[in-house]
Amino acid sequence: MTEAEQAGRPAGVTTTADGKSAPRGRRRIAALLLVAAFAYLVDLGSKLAVVAQLEHHDPIQVVGTWLQLEVIRNRGAAFGIGEAMTIVFTVIATAVIVAIARIARKLYSLPWAIALGLLLGGAFGNLTDRLFRSPGGFEGGVVDFIAVPHFAVFNLADSAIVCGGFLIVILSFRGLDPDGTVHQD
């Protein structure tokens with residue numbers, strides 16, 4: 001008989017410091033990194049393509065005026081807010097990456113791995129622009145190109161960040177923690 005069975009718990013289940021059951025098993029770091037790499041590469045590829053093909057051209061209507069491709073360089077946050085604070089946004093993106101790396105040490109939930117992977121890939125996508133696009137050195141403009149009416153022009157990294165954040169909100173409301181435990185509040 002295993003130690004878990006002797007303690008009255010099913011095999012494969014451990015308890016956390018507060019006595020809750022926590023599933024043992026593989027960490028989901030590989031899933032997080034796979035999602036992050038996919039989000040980053042799709043974002044990077046799309047930005048390289050639109051800069052090469054669309055920059056300095058009139059917007060292209062994809063679905064009438066409802067969806068257009070229009071290349072802009074955004075040195076601020078959403079809606080161009082805070083253009084003089086590019087370095088601050090670079091520091092925030094770096095802090096998000098560090099926070100995800102810390103959370104990943106205790107990551108056993110696949111939905112959380114997907115959500116954090118989307119955030120990580122999006123953060124790296126926009127951080128790459130801030131570091132390497134003109135004028136460079138933490139002050140580069142992020143390439144935005146998806147334009148919908150009455151909204152900010154955005155990119156696929158922004159979409160990944162929003163989707164990851166939305167998924168985290170859903171997971172939190174459902175009580176699922178990154179370590180795989182479910183809490184009842």
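Keep in mind that this is a model prediction, so the values were computed, not measured. Note that the numbering runs from 1 along the sequence shown for the chain.
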List the atom pairs, with distances to 0.1 Å, where a side-chain N or O of residues 59-66 and a protein N or O form a donor-acceptor pair under 3.5 Å, not counting sequence neighbours.
none

> Which other residues belong to the hydrophobic cluster containing Ile170, where Ile, Leu, Val, Met, Phe, Trp and Tyr are joined when side-chain heavy atoms lie under 4.5 Å apart, directly or via other members?
Replying inline: Phe166
> To the nearest 0.5 Å, what is the distance between CG (Asn74) and CZ (Phe89)?
Replying inline: 8.5 Å
> Got a sec, which pairs hit salt bridge (Lys or Arg N to Asp or Glu O under 4.0 Å) with one end in residues 100-121, sequence neighbours left out?
Replying inline: none
> Would a hydrophobic clustering, with Ile, Leu, Val, Met, Phe, Trp and Tyr connected at side-chain separations under 4.5 Å, put Leu118 with Leu127?
Replying inline: yes
> Taking only residues two or more places apart in sequence, or in another chain, which ones meet Glu55 in a side-chain contact (heavy atoms from CB on, under 4.5 Å)?
Replying inline: Val51, Val71, Arg73
> What pair of heavy atoms forms the shortest contact from Arg75 to Gly141, and how long is it?
Replying inline: CG-CA, 3.7 Å
>> Please say yes or no: joined through hydrophobic side-chain contacts below 4.5 Å, possibly via intermediate residues, are Ile168 and Ile161 part of one cluster?
In response: yes
> Between the side chain of Trp112 and the main-chain N/O of Leu176, is any donor-acceptor distance below 3.5 Å?
Replying inline: yes
> Could you walk me through whether Arg133 and Val143 pass the side-chain contact (heavy atoms from CB on, under 4.5 Å) check?
Replying inline: CA-CA 9 Å; Arg133 297 225 183 249; Val143 175; 3.3 Å; yes
> Which value, rounded to the nearest 0.5 Å, describes the distance between Gln68 atom CD and Asp58 atom CG?
Replying inline: 10.0 Å
Name every donor-acceptor pair, under 3.5 Å, that has one atom in a side chain of residues 90-99 and the other anywhere in the protein, sequence neighbours excluded.
{"residue": "Thr90", "atom": "OG1", "partner": "Thr86", "partner atom": "O", "Å": "3.0"}
{"residue": "Thr90", "atom": "OG1", "partner": "Phe138", "partner atom": "O", "Å": "3.3"}
{"residue": "Thr94", "atom": "OG1", "partner": "Thr90", "partner atom": "O", "Å": "2.9"}

> What closest approach, in Å, do Leu167 and Ala115 show between heavy atoms, and which atom pair accounts for it?
Replying inline: CD2-CB, 3.6 Å
> Do you reckon Val142 sits in the same ILVMFWY cluster as Leu48, going by side-chain contacts under 4.5 Å, direct or chained?
Replying inline: no
> Given a cutoff of under 4.5 Å between side-chain heavy atoms of I, L, V, M, F, W and Y, with clusters grown through shared members, what are the other residues clustered with Val169?
Replying inline: Phe173
>> Under the rule for side-chain contact (heavy atoms from CB on, under 4.5 Å), what residues qualify as partners of Leu32, not counting sequence neighbours?
In response: Ile100, Ala104, Leu107, Ala113, Leu116, Leu120
> So do the side chains of His183 and Asp177 get within less than 4.5 Å of each other, counting heavy atoms only?
Replying inline: yes
> For the atom pair CZ (Arg27) and OG (Ser109), what is the distance rounded to the nearest 0.5 Å?
Replying inline: 14.0 Å
> Closest approach of Val153 and Ala147, non-hydrogen atoms and distance?
Replying inline: CG2-CB, 4.0 Å
>> Going by side-chain hydrogen bond (donor to acceptor under 3.5 Å, both in side chains), name the pairs with one or both residues in residues 155-165, residues two or more places apart or in two chains.
In response: Asn126-Asn155, Asn126-Asp158, Asp144-Asn155
>> Among residues at least two apart in sequence or on other chains, which ones pass salt bridge (Lys or Arg N to Asp or Glu O under 4.0 Å) with Arg130?
In response: none
>> I need the Glu70 CD to Phe145 CZ distance, nearest 0.5 Å.
In response: 12.5 Å
>> Under the rule for side-chain contact (heavy atoms from CB on, under 4.5 Å), what residues qualify as partners of Val148, not counting sequence neighbours?
In response: Leu67, Phe151, Phe154
>> If hydrophobic clusters are built from ILVMFWY residues whose side chains come within less than 4.5 Å, do Val162 and Leu119 share one?
In response: no
Show which side-chain atoms of residues 33-44 pair as donor or acceptor with protein atoms under 3.5 Å away, not counting sequence neighbours.
{"residue": "Tyr40", "atom": "OH", "partner": "Thr128", "partner atom": "OG1", "Å": "3.0"}
{"residue": "Asp43", "atom": "OD1", "partner": "Ala157", "partner atom": "N", "Å": "2.9"}
{"residue": "Asp43", "atom": "OD2", "partner": "Lys47", "partner atom": "NZ", "Å": "2.9"}

